[in-house]
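See structure below.
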Amino acid sequence: MNIASVIVDVQAKSINQTFDYLIPERYVDILTTGMRVIVPFGPRKITGFVVGLKDNSEFDKLKEIIEVLDIEPVLTEELLELGKWVADDTLTMYITAYQAMLPQVLKAQYKKELVRNTDERLPEDLEFLFAGRDYISFEEFEQSSIPYSKLQKAIQETAISINYLVKSKITKKYVTFVEPNKEIYLIEESLMDLPQNATKQRELLGYFIKHPNPIEQGKLLKLTNTTRSTIKTLIEKGLLREYKQEVYRNPYDENAFERTYPLTLTEQQERAILPIKEKIEKQEHDVFLVHGVTGSGKTEIYLQAIQEVLEKGKEAIVLVPEISLTPQMVKRFKGRFGDKVAVMHSALSNGEKYDEWRKIQSKEVSVVVGARSAIFAPFENIGIIIIDEEHETTYKQEDQPRYHARDVAIKRGQYHQCPVVLGSATPTLESFARAQKGVYTLATLDKRTNEKEMPEVSIVDMREELHSGNRSMFSQVLKESIEQTIARGEQIVLLLNRRGYSTFVMCRDCGHVKECPHCDIALTYHKRNNQLKCHYCSYEEPMPNVCPECSSDSIRYFGTGTQRVEESLSQLMPHVRVIRMDVDTTRKKGAHEKLLKQFANKEADILLGTQMIAKGLDFGNVTLVGVLTADSMLHLPDFRSSEKTFQLLTQVSGRAGRHELPGQVIIQTYTPEHYSIQLSSQYDYKQFFLQEMHIRRKFRYPPYVFLALITVSHPNHVRAIQFTQRIVHYLSKVVQEETTTVLGPTPSPVTRVKDRYRYQCMIKYKNEPDLRRNIKKIINLYEEEMRKENLLITVDMQPYHLM
DNA sequence: AGCACGCCGACT
DNA sequence: GTCGGCGTGCTC
């Protein structure tokens, strides 16, 4: 086995295959599949993943592997196979899939440098550029105005050569420790020799006489109230010594979590967990859908199932939507399983993510709680996979590889022969339909563990409100309820369902709306720096004082942002204390937790925010939940908009009265008759499911069909339509006519982005085994145009957003 | 993708 | 001749 098959780090279709390399003698015994290597590729050096070992190659002139980067493989056999499957399934390149499975820092960066090979004089400008150095970065050359041909000539004459470097991003964290450098009695003796006025040194040595063990420098400084310079002096005198030790960054301090113990399960919980435990016991794969209302104790089921798995010496993966939003969730897992838990989410720094990943790789932990990508945790003996809030759209990755964590979970569950548990109060129609068909095993929890009823929901028709002369964004009922709640000393959560709205800028005189010059979308106003920004291409311009069209000075920002709600709230009820939570106030790291803590400490009466406050918050003192505009996302061009509205309303309702106090929910809407609003107010998931399924069937949408979305983008409007048309035409010919529909060309909801026109072709199909192959064919067909005229074709199998 | 190489037209 | 621009083909 002296030849390695390598997937190299080049994102190009023609490179999407293995390349064979000779394994140098020194690596033969070390190298295994799943390790990263540095290999020569043309003139440069790049990294790659070893996916296979063999004795022979069809290629006769093999190059040698330059370096092996890992001691332990970063991808297990299972993950190598899984990555291949993900890539094939989502029509992405293997290298893209593999990189998505690993923490960012394992992805190499490439650099070029110029090397001076001769003592002889170089041409004047090059000599000047090198300025006596032997190496300079390639960028330095590029920034100079020296023509490339001059460098080329020098390279040909071998006076200069190019070095291709592979740089690792990995930074391990080190902490300095200090300890005595001599026996304690010698230290005690040396105390005598110190000058009378060396009080700080005495203090330090005195500390070590009492505690002769190594101590972190930072702690030592605090404890002894000394400075680094004193330690330095003692090190120079040979009395102390210091050393650096690698440590894991610790985003969560284990000690901060109070230990919790298994609760007694209710009868319903018991019934739900039993079949899961049975599968764990028998080591069989199955998918469970736990449909449980908010407060029905789903998490306790997860915890006890995991307990079972850990006792069997196996591992568990738990996916949660966006964990930074639910510190309470982390608390529950860390509280139960302590330092057996690794946490993986987007708010961690790259270094922290890497450290958590290494804890998993080294099996120092056996539970990982994390966002989407945690599904690729390098465990090798998985006993259960849990996806909480299964309906959340964040489980679908929106850039390549466009995988859905649920699909990957099931794939891994099959491999490990372990159960996969999907939990939600409002399952996706896809999952619930599968449960109905018996593909998944359904467990229903319709009772809350505290036996409390779900809070009463009242719907307020904002049209009537308007008719009766109330033009504010607070209905009379909501206003009164807020006042009463505050009077009782209880708290309120106000949700501004803002998606679809944003703070766009419009001229009140001529109606002119400021749009991005590169995209077909209104610019968004940012109060912080008084700038207008495009959310698609990051274009920015200052907020104009007068309308660029009619020069009127009545140009204003519109839309119900949280800021405006806050302002009008303080006008209406000046005494009320409000905490506002939105992208602006939570941008800083830890700001999120801080705001929630303040609210929990009752430093405010109202928590006002967007979607992010709807999820997983649990405050005992909140008894009123208000939804300001329930229907604002109901009319988006998205076949899931009803489902999403139902989910959001149900979820936010669950925030009221979770503990002793009874809760109340007020939903303001302009379409009170809409079934997703009506049924969510009655907590009737089943009826919603039936009604929505009816509509999905009528209009042929999932789960009745599968979707595939091909988006074509081109700088030229007509060409974009032309290519889409051709794709539609080609596909229509090759698919099964009776059950498959090929739609298009349809302009994408945002037709122009970054000066490119976007059109799409949607495929609705039931059974189309060759679809991926056919789409691949199309892409290959247009390869030339993609290179020559900047045509771009992206494919999303099972799209979530039809953008 | 990203690099080398080769051809071509424009420029001093 | 020198420079930059662009098209082509290759990477084990």
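Throughout, protein chains are lettered first and strands after them, A, B, ... in sequence-line order, and every chain is numbered starting at 1. If you're wondering where the values come from, they're calculated on a predicted model, not measured in any experiment.
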* Asked: Does the side chain of A:Glu390 pick up a donor-acceptor pair with the side chain of A:Thr428 at under 3.5 Å?
  -> yes
* Taking the six-membered ring for Trp, are the ring centroids of A:Tyr21 and A:Phe59 within less than 6.0 Å of each other? -> no
* Can you check whether A:His416 and A:Phe379 have ring centres sitting under 6.0 Å from each other? -> no
* CA sep, side-chain torsions, deciding dist, call: A:Tyr164, A:Phe138, ring pair (Phe, Tyr, Trp, His ring centres under 6.0 Å) -> CA-CA 10 Å; A:Tyr164 296 89; A:Phe138 193 79; 8.6 Å; no
* Under 4.0 Å from any heavy atom of chain A: name the first and the last nucleotide of DNA chain B that qualifies, 5' to 3'. => B:dA1 to B:dA4
* Can A:Arg772 and A:Asp89 be said to form a salt bridge (charged side-chain N to carboxylate O under 4.0 Å, His left out), step by step? -> CA-CA 8 Å; A:Arg772 284 180 175 76; A:Asp89 191 63; 3.1 Å; yes
* Asked: When the aromatic ring centroids of A:Phe723 and A:His729 are compared, is their separation below 6.0 Å?
  -> no
* Identified ring-ring contact (aromatic ring centres under 6.0 Å, His included) counterpart of A:Tyr403 within the set A:Tyr395, A:Phe376, A:Tyr800 -> A:Phe376
* **Heavy-atom pair of closest approach, residues A:Val86 and A:Thr92** => O-OG1, 4.3 Å
Distances for protein N/O vs nucleotides 2-7 of chain C N/O pairs under 3.5 angstrom?
{"unit_1": "C:dC3", "atom_1": "OP2", "unit_2": "A:Ser149", "atom_2": "OG", "d": "2.8"}

* Contact residues, residues 43-65 of chain A to DNA chain C [heavy atom, < 4.0 Å] -> A:Phe59, A:Lys61, A:Leu62, A:Lys63
* When the aromatic ring centroids of A:His714 and A:Tyr757 are compared, is their separation below 6.0 Å? -> no
* d(CD, A:Gln17; C1', C:dT11) in whole Å -> 9 Å
* Quick one: do A:Lys396 and A:Asp796 make a salt bridge, cutoff under 4.0 Å? -> yes
* Asked: How would you label the contact of A:Ile15 with the nucleic acid (heavy atoms, under 4.0 Å): base, sugar-phosphate, or nothing?
  -> base
